[in-house]
Amino acid sequence: MSQSVISAKSVYKIFKLGEERVIALNGVSLEIGAGEFVAIVGTSGSGKSTLLNMLAGLDRPTKGEIVIAGKHIEKLSEGELVRFRRENVGFIFQAYDLLSQLDAIENVALPLSFKGVSRPVRTRAAIELLKKMGLEKYMKHKPTEMSGGQQQRVGIARALVVKPKIIFADEPTGNLDTKTTIEVLHILQDVVHNEGNTLVMVTHDKHLASYADRRVHILDGEIVLED
Ligand SMILES: Nc1ncnc2c1ncn2[C@@H]1O[C@H](COP(=O)(O)OP(=O)(O)OP(=O)(O)O)[C@@H](O)[C@H]1O
Ligand SMILES: [Mg+2]
């Protein structure tokens with residue numbers, strides 16, 4: 001494997017619900033290499049999202065070590081964690097929460113405006129990505145004027161526009177029909193293989209997982225197989 005960008009060592013996550021303790025991650029160790037597309041596969045409740053949240057620095061483990069792009073996540077303060085995510089990480093979620101009053105270009109360009117990129121430059125970047133997503137006809141459409149699959153692709157473009165080194169996706173095609181799902185997976189595959197990003201995708205679907213370079217199977221908070 002190429003140099004690893006994410007490394008998890010003996011990671012435990014225990015949720016306390018009153019008297020009850022839920023062991024969501026039970027000693028997970030995992031290495032993800034730069035430029036890899038890795039799928040985390042498992043049934044509902046197996047711990048996929050919990051693991052993704054740890055690997056993305058969205059949450060800290062109860063015990064264990066997470067190193068992302070050379071940084072020890074468990075040692076960062078809340079503020080440092082926010083800054084770290086903003087600079088290194090992109091997220092694609094099932095709910096794409098686009099802003100309803102903005103058109104596709106403006107939605108995609110938005111993260112660049114937070115970074116202080118000038119309007120012409122961010123508009124150009126957004127247009128280029130939307131074309132890549134096959135949305136050239138929908139540049140001026142607002143979210144309500146697009147299908148679910150089109151909105152999902154706008155959401156993906158928005159996640160990619162800042163050129164994150166590492167992209168995390170939790171069931172990114174959850175609401176899409178089969179045809180659009182396959183399209184979206186091809187786009188994600190392309191991004192990883194052509195731009196050299198690293199992609200970690202959670203799915204319960206074995207077929208979708210087959211699009212990844214490597215699969216990590218999780219059951220009851222433990223990795224049971226890697227293939
Ligand atoms: N914030 C929380 N508080 C308490 N328990 C939690 C919390 N988050 C997750 N869990 C529990 O941890 C276990 C793993 O949950 P997780 O969300 O990681 O599963 P998942 O594999 O993503 O499932 P799904 O496919 O349904 O999204 C489950 O038993 C869940 O109930
Ligand atoms: Mg989940």
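We count ligands from 1, going down the list as the structure has it; atoms in each ligand are counted the same way. Everything numeric in this text was worked out from a predicted model, so none of it was measured.
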Inset, instruction - Specify the protein heavy atom at minimum distance from atom 13 (C) of ligand 1: its residue, its atom name, and the distance to 0.1 Å. - result: G45 O, 3.8 Å

Inset, instruction - Out of K16, E171, K48, indicate the one that has the non-hydrogen atom closest to atom 25 (O) of ligand 1. - result: K48

Inset, instruction - Give a yes/no on ligand 1: does I218 have at least one heavy atom closer than 4.0 angstrom to it? - result: no

Inset, instruction - Would you mind checking which non-hydrogen protein atom is closest to atom 26 (O) of ligand 1, with the distance to 0.1 Å? - result: S44 OG, 2.6 Å

Legend entry - Shared hydrophobic cluster for I23 and L51 (ILVMFWY, side-chain gaps under 4.5 Å): no

Legend entry - Numbering as shown, the atoms of ligand 1 that approach S46 to under 4.0 Å (heavy-atom distance): 19 (O), 21 (O)

Legend entry - ILVMFWY cluster, V38 and V67 together (side-chain gap under 4.5 Å): no

Legend entry - Minimum-distance pair of heavy atoms, taken over all atoms of L55 and F168: O-CZ, 3.3 Å

Inset, instruction - Look only at interatomic distance and state if G47 has a nitrogen or oxygen under 3.5 Å from any nitrogen or oxygen of ligand 1. - result: yes

Inset, instruction - Report the nearest protein non-hydrogen atom to atom 17 (O) of ligand 1: residue, atom name, distance rounded to 0.1 Å. - result: S49 CB, 3.9 Å

Legend entry - Side chain S210, main chain H207, donor-acceptor under 3.5 Å: yes

Legend entry - Nearest-contact summary for atom 9 (C) of ligand 1 - protein heavy atom, Å: F15 CE1, 3.5 Å

Inset, instruction - Flag the pair K142 and D103 as a salt bridge only when some basic side-chain nitrogen lies within less than 4.0 angstrom of an acidic carboxylate oxygen. - result: no

Inset, instruction - Could you check atom 11 (C) of ligand 1 against the protein and tell me its nearest heavy-atom contact, residue, atom and distance included? - result: V22 CG1, 3.8 Å

Inset, instruction - Check each heavy atom of T50 against ligand 1 and say whether those closer than 4.0 Å belong to the side chain, the backbone, both or neither. - result: both

Inset, instruction - May I ask you to say whether E183 pairs ionically with R153, meaning some side-chain N is under 4.0 Å from a carboxylate O? - result: yes

Inset, instruction - Would you confirm whether S29, through its side chain, and S10, through its main-chain N or O, come within 3.5 Å as a donor-acceptor pair? - result: yes

Legend entry - Heavy-atom check, side chain of H72 versus side chain of L76, under 4.5 Å: no

Inset, instruction - Indicate if the distance from the Mg ion (ligand 2) to the nearest N, O or S atom of S49 falls below 2.8 Å. - result: yes

Inset, instruction - Identify, for atom 12 (O) of ligand 1, the protein heavy atom at the shortest distance, and state residue, atom and that distance. - result: A24 CB, 3.4 Å

